[in-house]
Amino acid sequence: MPQTLITLYTRKRCSLCDKAKNMIEELKEEWNFSLEEIDIDNSDELTELYGIMIPVVQIDGEEVAFGIINKIDISKRLQEKSENF
């Protein structure tokens, strides 16, 4: 089974982004996944796409949450992913 990839779209000076990253890091105690963090300010395209939505969380390329990120929701999505394999 390939390892799950969580992509977190963020930007500097974003308290919601910092909280989301810390919450996702906490989930590593329970789930096996890689975390990729992408600063949207490095790309005009990403800034246009996600500018007011950040933080945005994708799991294996599927957008699953944005704004205020809920740990339970992300955990449920990871559970669903593991059941589908």
Side-chain angles (χ1 to χ4, degrees):
M1 172 170 74
Q3 187 174 36
T4 298
L5 173 64
I6 293 183
T7 305
L8 176 62
Y9 292 93
T10 67
R11 67 171 20 137
K12 292 175 179 62
R13 297 176 306 282
C14 169
S15 62
L16 284 178
C17 300
D18 295 338
K19 289 177 184 176
K21 183 178 179 182
N22 291 335
M23 181 271 309
I24 291 169
E25 290 286 351
E26 289 174 10
L27 287 171
K28 280 191 166 188
E29 296 173 11
E30 185 178 349
W31 301 99
N32 182 28
F33 61 84
S34 296
L35 175 60
E36 171 186 40
E37 186 174 1
I38 298 175
D39 185 338
I40 66 166
D41 289 333
N42 294 329
S43 163
D44 290 342
E45 183 180 328
L46 290 176
T47 299
E48 186 175 324
L49 185 62
Y50 293 130
I52 61 172
M53 294 173 56
I54 62 159
V56 175
V57 177
Q58 288 184 352
I59 298 178
D60 291 335
E62 178 187 356
E63 190 176 299
V64 297
F66 64 90
I68 298 173
I69 308 301
N70 183 300
K71 185 176 181 178
I72 294 170
D73 291 343
I74 301 300
S75 186
K76 284 180 182 177
R77 291 295 193 125
L78 290 167
Q79 176 68 36
E80 289 170 9
K81 280 289 216 189
S82 69
E83 290 173 356
N84 291 333
F85 280 102

Novice: Applying salt bridge (charged side-chain N to carboxylate O under 4.0 Å, His left out), name anything that partners E37, two or more places apart in sequence or on another chain.
Specialist: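 Listed in chain order: K21.
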Novice: Once salt bridge (charged side-chain N to carboxylate O under 4.0 Å, His left out) is applied, what residue pairs with a partner in residues 44-58 remain, sequence neighbours excluded?
Specialist: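 Matches after skipping sequence neighbours: none remain.
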Novice: What's the separation between atom CD1 in I40 and atom CD1 in I54, rounded to the nearest 0.5 Å?
Specialist: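 If we round to the nearest 0.5 Å, I40:CD1 and I54:CD1 are 4.5 Å apart.
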Novice: Please name all residues satisfying ring-ring contact (aromatic ring centres under 6.0 Å, His included) with Y50, sequence neighbours left out, ordered by chain then number.
Specialist: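 Y50: ring-ring contact (aromatic ring centres under 6.0 Å, His included) contacts with Y9.
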Novice: How long is the gap from NZ on K81 to CG on L5, to the nearest 0.5 Å?
Specialist: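 Rounded to the nearest 0.5 Å, the NZ-CG separation comes to 10.0 Å.
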Novice: Treat each ILVMFWY residue as a node, draw an edge where side-chain heavy atoms are under 4.5 Å apart, and state whether V57 and F66 are in one component.
Specialist: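 No, V57 does not connect to F66 through the hydrophobic network.
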Novice: Taking ILVMFWY side chains as joined if any heavy atoms are under 4.5 angstrom apart, and letting links pass through other members, which residues group with I68?
Specialist: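 Hydrophobic cluster check, I68: joined to L16.
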Novice: Going by side chain to side chain contact (heavy atoms under 4.5 Å, CB included), name the residues that satisfy it together with S15, two or more places apart in sequence or in a different chain.
Specialist: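 Not a single residue meets the side chain to side chain contact (heavy atoms under 4.5 Å, CB included) criterion with S15.
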Novice: Please list, chain by chain and in numerical order, all residues satisfying side chain to side chain donor-acceptor pair (under 3.5 Å) with T47, sequence neighbours excluded.
Specialist: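 So T47 forms no side chain to side chain donor-acceptor pair (under 3.5 Å) with any residue.
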Novice: What are the two closest non-hydrogen atoms of D41 and K12, and how far apart are they?
Specialist: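 Shortest heavy-atom separation between D41 and K12 comes out as OD2-N, 4.3 Å.
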Novice: Side chain to side chain donor-acceptor pair (under 3.5 Å) with E63: which residues, sequence neighbours excluded?
Specialist: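 Counting only residues at least two positions away or on another chain, E63 forms no side chain to side chain donor-acceptor pair (under 3.5 Å).
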Novice: Do M23 and I59 sit in one hydrophobic cluster, given that two such residues count as connected whenever their side-chain heavy atoms are within less than 4.5 Å of each other, even indirectly?
Specialist: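 Yes.
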Novice: Only counting residues at least two apart or in another chain, list the ones meeting side chain to side chain contact (heavy atoms under 4.5 Å, CB included) with K28.
Specialist: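 For K28, the residues satisfying side chain to side chain contact (heavy atoms under 4.5 Å, CB included) (neighbours in sequence not counted) are E25, F33, L35.
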Novice: Mind listing the closest non-hydrogen atom pair of A65 and I74 along with its distance?
Specialist: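 Heavy atoms only, the tightest pair is CB-CD1, 4.0 Å.
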Novice: According to side chain to side chain contact (heavy atoms under 4.5 Å, CB included), who are the partners of I52, at least two apart in sequence or on a separate chain?
Specialist: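 Side chain to side chain contact (heavy atoms under 4.5 Å, CB included) check on I52 returns nothing, list empty.
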Novice: If you compare all heavy atoms of L8 against all heavy atoms of T10, which two are closest, and at what distance to 0.1 Å?
Specialist: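 Minimum heavy-atom separation between L8 and T10: CG-CG2, 3.4 Å.
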Novice: Working to the nearest 0.5 Å, report the span between OG1 of T7 and CD1 of I38.
Specialist: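 T7 atom OG1 to I38 atom CD1 measures 5.5 Å (nearest 0.5 Å).
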Novice: How would you list all residue pairs meeting salt bridge (charged side-chain N to carboxylate O under 4.0 Å, His left out) that involve residues 64-79, not counting sequence neighbours?
Specialist: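 Non-adjacent pairs meeting salt bridge (charged side-chain N to carboxylate O under 4.0 Å, His left out): E26-K71, E62-R77.
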Novice: Going by the disulfide bond (SG atoms under 2.5 Å apart) test, which pairs reach into residues 8-66, not counting sequence neighbours?
Specialist: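 Checked against disulfide bond (SG atoms under 2.5 Å apart) - neighbours excluded - the pairs reaching residues 8-66 are C14-C17.
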Novice: Got V64 and I6 here, is their nearest side-chain heavy-atom distance under 4.5 Å?
Specialist: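 The answer is no, as the side chains (C-beta and beyond) never meet within the 4.5 Å cut-off.
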Novice: Of all residues at least two apart in sequence or in a different chain, which pass the salt bridge (charged side-chain N to carboxylate O under 4.0 Å, His left out) check with D18?
Specialist: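 Testing D18 for salt bridge (charged side-chain N to carboxylate O under 4.0 Å, His left out), a comparison that skips the adjacent residues, returns none.
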